[in-house]
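The model shown is predicted, which means the values in this text are computed figures rather than measured ones.
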Amino acid sequence: MNTRTDRAALIVVGVIALIVGGVFVGQGANVIQGSFMTGSRTWFGIGWVGVAIGLALVVFGVWPRRSSRKKD
């Protein structure tokens, strides 16, 4: 996971998970109307899990990596 493409993929997937998790939280908290998920604590909890996973992926994608090569 040290290539630029791998890290970019982690960031993109993490941002998508953040957005989807945020929508789930909004629907579960009865902020976003119009779904069977509206007002459900289950979807509120699932949304926060999605947000946490997305945040972890984004942080992992942007965190600076140490080079595996030794500098002489």
Side-chain angles (χ1 to χ4, degrees):
M1 286 286 168
N2 286 333
T3 68
R4 184 178 293 209
T5 305
D6 291 341
R7 295 175 70 181
L10 280 177
I11 293 168
V12 169
V13 171
V15 168
I16 291 170
L18 278 168
I19 292 169
V20 171
V23 170
F24 281 21
V25 168
Q27 287 180 329
N30 209 16
V31 174
I32 302 172
Q33 300 292 319
S35 171
F36 67 93
M37 299 185 324
T38 302
S40 173
R41 287 181 153 202
T42 301
W43 293 107
F44 182 76
I46 291 170
W48 278 115
V49 170
V51 167
I53 290 170
L55 185 61
L57 288 174
V58 169
V59 167
F60 189 67
V62 299
W63 198 267
R65 299 280 181 255
R66 293 168 116 182
S67 178
S68 60
R69 291 186 254 165
K70 291 183 180 180
K71 295 182 181 180
D72 291 0

Can you give me every donor-acceptor pair (side chain of residues 43-64, partner residue at least two apart or in another chain, under 3.5 Å) with its distance?
none

Once rounded to the nearest 0.5 Å, what's the spacing between atom CZ of Phe24 and atom CD1 of Ile32? 10.5 Å
Consider only side-chain heavy atoms of I, L, V, M, F, W and Y, link residues closer than 4.5 Å, and tell whether Met37 and Val25 are in one cluster. no
If hydrophobic clusters are built by linking Ile, Leu, Val, Met, Phe, Trp and Tyr wherever their side-chain heavy atoms come under 4.5 Å apart, do Leu10 and Ile16 end up in the same one? no
Tell me, which pairs form a side chain to side chain donor-acceptor pair (under 3.5 Å) where one or both residues lie in residues 24-37, sequence neighbours left out? Asn30-Gln33
